[in-house]
Amino acid sequence: MSTADTEVPELLQELTLEEKSQLVHGAVDPTGTATGYLPGIERLDIPEFRLADGPMGVRAGDAESTAFPASIALSATFDPELAREQGVAMGREATARNQDAVLGPGVNLIRVPHCGRNFEYYSEDPVLTAAFAREIVGGLESEDVVATPKHFVANNQESSRASVNVDVSERALRECYLPGFKAAVDAGAGSMMTAYNSVNGEFMSDNRPLVTDVLKEEWGFDGYVVSDWFGATSTVGAANGGLDLEMPGISLEEMREMFGMETGDDDEDQVLAESEEMGDGMPDPTNTGQFADPLVDAVRSGEVPESRLDDMVRRILRQMERSGEFGDTSDDSRSEESTHQTLAKTVAARGAVLLKNHDALPLEDDTDVAIIGPAAQEARIGGGGSSEVEPPHEIPTADGIRDRTTGEATVADGIEQVEQVSFFGDGESETTESQPEPSLDEALDAAETAEVAVVVVEDAATEGADRDTLQLPGRQDELVREVASVSDDTVVVVQSSGPVELPWRDDVAAIVETWYPGQSDGDAVAAVLFGDVDASGRLPVSFAQEEAYPTSGSAATFPGEDGEVHYEEDLFVGYKHFDVADDDPIYSFGHGLSYADYTYESVAVVDERTVEITVENTSQRDGREVVQAYVRPPGTDDDRPVREFAGFDSVRVPAGETVTTTVDLADLAFSRYDDSEGWVDVDGQFELEVGRSAQDIRLTTSL
Ligand code: BGC
């Protein structure tokens, strides 16, 4: 938009100090649909503005919205075009629900396998994360909905997320943790949400070096920076540090109502105590109203320059204007929600990763199946917390499989349901009412009689808490072992937020990791098991034994000691760690089997940042292959990872055909960040490796 077209400068002239403050902190939404709400200024025709949670669907009060698969399932497709489509779909649903901004995507790097929110994030790798961030943001913004990448930055764990200080090198920030956010900014994100934690001694809500110097000045971000909910820790520090909007910004009294706390007693300590019962991951809810009267006072006293407040308001008004809030606010966009449901199923099926397959999959159309495990009885929509979405309908895993087979299908729980954890509630599980006692014997009988036993297992993960262990909760490991002892054709479907230990992996015939597949769970899982699609998902995170991860060694690296967590592994996150460690991962980054067979024919260098890779599908089945390119830097720099993921493409390869695909290589893989010089290109000859995972290299060449 040209400066001539904008009404923002005039509006700024008209606004009183109090009105300005009203535009930079939230209020209670009278419609109860928004997660964050700005009432606007009626006198000047500045409209209301609504922010709704994401990132796996639009959470707008009681309204139903498409529940897309977990973000980690989306990135497991290794196909950012699907992210673009999902961004567009969520943008349309947001508009149809009268929401102006979506609080997503979550682009924090998956540093800790236990992190309770890994299902909301994309990957342990910055290049993969950036590719997905870029497209989902582009999709949302193309629908004139403000995207809000979060949580800027280094919110890589939920334990003490509101208080922990992250001690991380500038280089690791630049090379690992910031690229996802930078890509989102370059793709036109209109907003950015700060993290609760501190980074290098300063809360992110007040972090001038990162928020003002890097994000706004260096990257040229011209949108508004919003706090995480109750995450603004000060008035003057936050305003001067670069925070533009405080959320939820409501009063203590309103906050009590929102959280159903007792009213009447104005004692802050009581509010605090009640919030503490919600756990270690809960921010201090008395952190509120920082940008209400206290900001007005700070401007009056000169502690915050009025020009800073004007800048805050300008940034917010510009996004309102850009997203079409000014003038005609009528919405003629159709939301095309049936297409969104198809998309949700496509993403879930394409994101499923075939970890192991000993000729058990795909299933024949008429296979007699025993579907075992309490997790099979429900659709796994997502994890706990602010990303929870109410879908219009949901397909339990067992239903999808039962509908797909023309053979017999029997269903048995075998063991009791896994307790899910909830960040909002008091930790009580959602138990299904008056279910009969599950019988392991019954499940084993079913497994023995059927041709194939499909055991569905799941983890429990939520915002606000990390997983204590990578083991599956409850008696699920025992269930898998027991079933495997009676059936040679045991197929395990794993529905998890991130890496889990699979201690029975040698005893079963096949394992499919489906993450949280969202509302289309059953349909998508059936499509993969019966081979309606090629198995084309790949791991965006390394799967390893719990103790093999770099964050497992000491409390100082996770979950922190004395209020600090030290990123001692520096750049060596995920596969970069396993490339130099003694332990091998169980399944490496990029791993995923196919139903088709591929031969990697050749790689040709087009130019410094482009290569052409030729693969042949030597099987009788049409397939989809994820071609992966890694680069190895020249020389022996111990500070540098052995190899870095540089580019990829998910490409359809029909049966018997040969396809050549062009893969762009990311600059990030060729440069490094030096504390004094900034970004420097690494000179010399790089080796390019092309393969099926970080540990399955098929072709190499020099660059
Ligand atoms: C989460 C954010 C979310 C916000 C609003 C916070 O607890 O960290 O991701 O957008 O709540 O629900």
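We're numbering straight along the sequence, starting at 1. Whatever order the structure lists them in is the order used to number ligands and atoms, beginning at 1.
Heavy-atom proximity to atom 3 (C) of ligand 1, evaluated over Val226, Thr148, Asp53, Val102, is greatest for Asp53.
Listed by atom number, the atoms of ligand 1 under 4.0 Å from Thr35 heavy atoms are 5 (C), 12 (O). Near Ser386, with a cut-off below 4.0 Å to any heavy atom, the atoms of ligand 1 are 1 (C), 2 (C), 3 (C), 9 (O), 12 (O). Near Lys150, meaning under 4.0 Å from one of its heavy atoms, ligand 1 places the atoms 2 (C), 3 (C), 9 (O), 10 (O).
Between Arg117 and ligand 1, at least one N/O pair is under 3.5 Å apart. Where the criterion is an N or O separation shorter than 3.5 Å, residue side chain and backbone included, His151 meets it with respect to ligand 1.
Salt-bridge formation is not detected for the pair Arg84/Asp79: no Lys NZ or Arg NE/NH1/NH2 atom is positioned less than 4.0 Å from an Asp or Glu carboxylate oxygen. Look at Asp222 and Arg322 and you find no salt bridge, because none of the NZ, NE, NH1 or NH2 atoms lies under 4.0 Å from a carboxylate O.
Using modelled atom types and a 3.5 Å distance limit, the side chains of Ser386 and Glu463 yield a donor-acceptor pair.
The closest approach between any non-hydrogen atom of Met247 and ligand 1 is not below 4.0 Å. Between Tyr196 and ligand 1 there is a heavy-atom distance shorter than 4.0 Å. In this structure, Glu463 counts as a contact residue of ligand 1, since one of its heavy atoms falls inside 4.0 Å of the ligand. In this structure, Arg59 falls outside the shell of residues with a heavy atom less than 4.0 angstrom from ligand 1.
Of the possible donor and acceptor atoms, one in the side chain of Asp29 sits under 3.5 Å from a partner among the backbone N and O of Ala34.
With a 4.0 Å cut-off on non-hydrogen atoms, Arg161 touches ligand 1 through its side chain and not its backbone.
Relative to the six-membered ring of Tyr224, Arg315 misses at least one condition, a distance below 6.0 Å or an angle of at most 45° to the axis.
Phe543 and Trp515 have perpendicular rings, their planes meeting at more than 60° on a 0 to 90° scale where under 30° would count as parallel. Ring geometry, Tyr516 versus Phe119: the interplanar angle falls from 30° to 60°, so the pair is classed tilted.
Between Tyr567 and Tyr177, the ring centre distance stays below 6.0 Å.
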